[in-house]
> 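To start, I am sharing the structure in question, which I have written as structure tokens.
Every number for a ligand or one of its atoms is a count from 1 in the order of the listing. Keep in mind that the numbers below use all heavy atoms, side chains included, and drop hydrogens, waters and symmetry copies.
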Amino acid sequence: MSSSTRDEEAAAATRPGESAERPSNFIRDIILEDLKTNKYKGRVHTRFPPEPNGYLHIGHAKSIHINFGLATEFGGKTNLRFDDTNPEKEEQEYVDSIIADARWLGANWEDRMFYASDYFDQLYEWAVQLVKAGKAYVDDLDAEQVRQYRGSLTEPGKESPYRNRSIEENLDLFERMRAGEFPDGSRTLRAKIDMASPNLNMRDPVMYRILHATHHRTGDQWCIYPMYDFAHGQSDSIEQITHSICTLEFEDHRPLYTWFIEQLGIFPSQQIEFDRLNLTYTLLSKRRLLQLVQEGRVRGWDDPRMPTISGIRRRGYTPEAIRNFCAAVGVSKTNGITELAMLEHFVREDLNKRALRAMAVLRPLKVVIDNYPEGQVEELEVVNNPEDASAGTRKVPFSRVLYIEQDDFRELPPKKFFRLSPAQEVRLRGGYFIRGTEVVKNHSGEIVEVHCTYDPATRSGNAPDGRKVKATIHWVSARHAIDAEVRLYENLFLKEDPSDVPEGQDFTVNLNPNSLAVITEAKLEPSLASAKQGDRYQFERLGYFCVDPDSRPGALVFNRTVPLRDTWAKIEKREQEKAQ
Ligand code: ATP
Ligand code: MG
């Protein structure tokens with residue numbers, strides 16, 4: 001079966017257990033209901049709120065797809081907002097990469113790019129407002145004590161001895177916290193809610209902490225920083241966000257999100273949670289991805305083995321493929337795991353339509369056609385993309401000495417091996433039939449050369465006498481071939497769940513030592529000499545490849561984006577059979 005047929009089959013079936021129609025989407029349903037009741041006067045305004053503490057990954061692509069996709073669908077808007085309340089981990093480099101990556105994915109926030117740090121003054125005023133209302137207090141317990149007093153899921157918390165300070169004292173202490181009078185961690189500002197609440201987030205959550213750290217935007221202006229819970233909802237409210245869509249781990253924070261908004265009497269943004277994207281053989285956690293970068297396990301955030309947007313871009317994935325994948329994954333209210341093969345399937349499906357075909361031999365074996373005139377060169381015409389007639393055709397030079405893939409020849413062909421062998425005929429892509437005659441070996445018995453004859457009557461790719469061949473193989477003319485480096489990637493992790501590790505070890509034990517294989521002497525057809533950084537091709541019979549940024553004229557470097565074999569289509573078929 002050709003790869004395109006497989007792709008079509010799988011695409012038509014979408015996901016196991018799902019119909020081919022648009023997947024159900026409970027967030028869309030909420031928005032539709034809000035539009036019906038005119039809750040936000042017909043407005044839909046979402047935001048994508050990355051923390052600039054790492055590069056975006058494929059999980060963020062899902063969030064971008066949901067936030068921007070839903071707003072677009074309803075004629076609404078989406079803001080990009082940097083959630084930058086943690087100066088110790090945030091950097092301008094991350095801000096810049098996030099902007100570039102989100103744009104590349106197709107996100108358009110027009111002029112609405114904001115930072116939570118834009119709101120530090122307003123947040124401080126609101127904190128003072130809560131202190132004045134008796135809803136917040138300065139606590140002198142340290143972090144460890146706060147944890148102890150909080151209790152657990154089965155035990156209620158204990159009230160802090162500082163909980164009932166007077167409003168005046170709280171105002172004075174909070175102002176002095178801001179003025180820098182106290183060391184890091186010595187005091188916090190806490191909301192006064194309920195230490196017996198069954199929801200731990202409501203047990204007097206910390207609103208502000210003391211941290212003498214330089215912020216990438218506000219410098220040393222602040223030495224107290226708001227916690228996520230006291231920054232996020234308020235930032236949403238300032239921007240008049242209608243639907244604040246986040247991942248499920250924030251579900252238990254929602255009562256607090258709503259509590260702050262109600263106590264402050266500000267614009268009522270509403271929080272809605274969906275499932276995080278998890279992928280097999282992949283880790284989607286900025287902290288762990290940072291560890292891989294810092295420990296030199298990969299070449300950087302944009303290493304093509306990384307699940308980061310910059311990594312998969314460099315590898316050759318397209319924004320369209322990622323969007324199609326996100327659309328097919330849909331949203332749910334429970335966390336699950338998605339097959340990495342499904343993502344790869346959408347990459348293949350998209351590249352199949354747009355990538356020009358080319359011939360490249362990764363592990364060359366020399367073939368000499370004994371009955372072809374020495375010094376003669378012919379130009380064979382081949383199709384650039386069978387999926388797209390407008391891509392036209394090109395000429396590839398053919399001559400007496402060729403390279404074919406070592407794998408395409410067997411001296412002693414096993415059963416069902418239909419490619420070249422002594423006495424077995426195959427078609428060369430774009431033209432002639434050749435038949436093996438003898439092999440030449442080196443001193444250690446390895447085949448270094450295969451001799452063949454060709455049938456001049458088969459130039460059209462068919463034999464006038466009607467005889468058939470069972471295989472068509474790719475090749476390049478040795479005289480005309482250009483050399484290239486080709487980087488082949490396998491999964492970065494060996495285990496489906498990379499965080500499944502023996503006690504006392506960390507996830508790096510699951511790294512795949514063979515995730516990168518570098519081929520330095522691949523032979524490419526000459527038309528590829530002009531390939532530019534980012535250009536994508538299907539190397540016939542091998543997979544999709546793109547030109548790496550390391551590439552230079554005369555020293556081309558290609559990345560394998562994805563091989564042709566579509567395991568997702570197989571998985572899906574199995575799932576469907578199980579379901580029947
Ligand atoms: P990580 O755990 O990788 O550090 P995060 O949630 O801390 O991720 P943020 O920068 O806070 O990263 O995320 C920005 C937005 O992207 C948030 O709304 C978050 O919920 C969403 N997001 C992050 N990871 C995923 C994921 N795996 N799937 C879907 N959405 C995600
Ligand atoms: Mg986060």
> Of all the atoms in ligand 1, which lie at a distance below 4.0 Å from a heavy atom belonging to Thr247?
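Counting atoms of ligand 1 from 1, those under 4.0 Å from Thr247 are 19 (C), 20 (O), 29 (C), 30 (N), 31 (C).
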> Mark up the atoms of ligand 1 that fall under 4.0 Å of a heavy atom belonging to Leu284, in ascending order.
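Here the atoms of ligand 1 in question are 3 (O).
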> Among Leu277, Val331, Ile58, which one puts a heavy atom closest to atom 27 (N) of ligand 1?
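Checking each option, the heavy atom nearest atom 27 (N) of ligand 1 is found in Leu277.
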> Quick one: which of Arg47, Gln271, His253 gives a side chain to side chain donor-acceptor pair (under 3.5 Å) with His232?
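Running side chain to side chain donor-acceptor pair (under 3.5 Å) over Arg47, Gln271, His253 with His232 returns exactly one hit, Arg47.
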> Just go through Arg47, Glu273, Lys286 and tell me whose heavy atom is the nearest to atom 7 (O) of ligand 1.
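Minimum heavy-atom distance to atom 7 (O) of ligand 1 goes to Lys286.
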> Rounded to the nearest 0.5 Å, what separation is found between the CD atom of Glu51 and the OG1 atom of Thr85?
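Going from the CD atom of Glu51 to the OG1 atom of Thr85 covers 6.0 Å.
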> Going by the order shown, which atoms of ligand 1 are within less than 4.0 Å of some heavy atom of Pro50?
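Close to Pro50: 10 (O), 14 (C).
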> Report yes if some N/O of His60 lies less than 3.5 Å from some N/O of ligand 1; otherwise report no.
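It does: an N or O of His60 is found under 3.5 Å from an N or O of ligand 1.
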> At what distance, to the nearest 0.5 angstrom, does CZ of Arg147 lie from OG of Ser152?
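If we round to the nearest 0.5 Å, Arg147:CZ and Ser152:OG are 14.0 Å apart.
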> For the residue pair Arg560 and Tyr544, would you count it as a cation-pi contact if the rule is NZ or CZ under 6.0 angstrom from the ring centre and within 45 degrees of the ring axis?
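The answer is no; the distance or angle limit is not met.
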> Considering Ala61, Pro49, Ser244 one by one, which has a heavy atom nearer to atom 18 (O) of ligand 1 than any of the others?
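Among Ala61, Pro49, Ser244, the closest heavy atom to atom 18 (O) of ligand 1 comes from Pro49.
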> Below the 3.5 angstrom mark, is there an N/O of Asp275, backbone or side chain, next to an N/O of ligand 1?
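Among all N and O atoms of Asp275, none is under 3.5 Å from an N or O of ligand 1.
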> Quick check with a 6.0 Å cut-off and a 45 degree axis cone: is Arg187 positioned over the face of Phe182's six-membered ring?
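Judged by the rule, Arg187 and Phe182 form a cation-pi pair.
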> Can a cation-pi geometry be assigned to Arg81 and Phe48, taking NZ or CZ under 6.0 Å from the six-membered ring centre and within 45° of the ring axis?
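Output no; distance or angle outside limits.
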> Hey, is ligand 1 close enough to Phe274 that some N/O pair sits below 3.5 Å?
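No - when backbone and side-chain N and O of Phe274 are compared with those of ligand 1, no distance drops under 3.5 Å.
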> Between Lys39 and Glu33, is the closest basic N to carboxylate O distance under 4.0 Å?
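No, no charged N to carboxylate O under 4.0 Å.
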> Among side-chain atoms of Asn335 and Asp275, is any donor-acceptor pair under 3.5 angstrom?
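Asn335 vs Asp275: no donor-acceptor pair found between side chains.
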> Report the part of His57 in contact with ligand 1, treating N, CA, C, O as backbone and CB onward as side chain, heavy atoms under 4.0 Å; options are side chain, backbone, both, neither.
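Within the 4.0 Å criterion, His57 contacts ligand 1 through side-chain atoms alone.
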> Run down the list Lys89, Arg276, Arg288, Arg287 and name the one with the heavy atom closest to atom 2 (O) of ligand 1.
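Comparing heavy atoms across Lys89, Arg276, Arg288, Arg287, the nearest one to atom 2 (O) of ligand 1 lies in Arg276.
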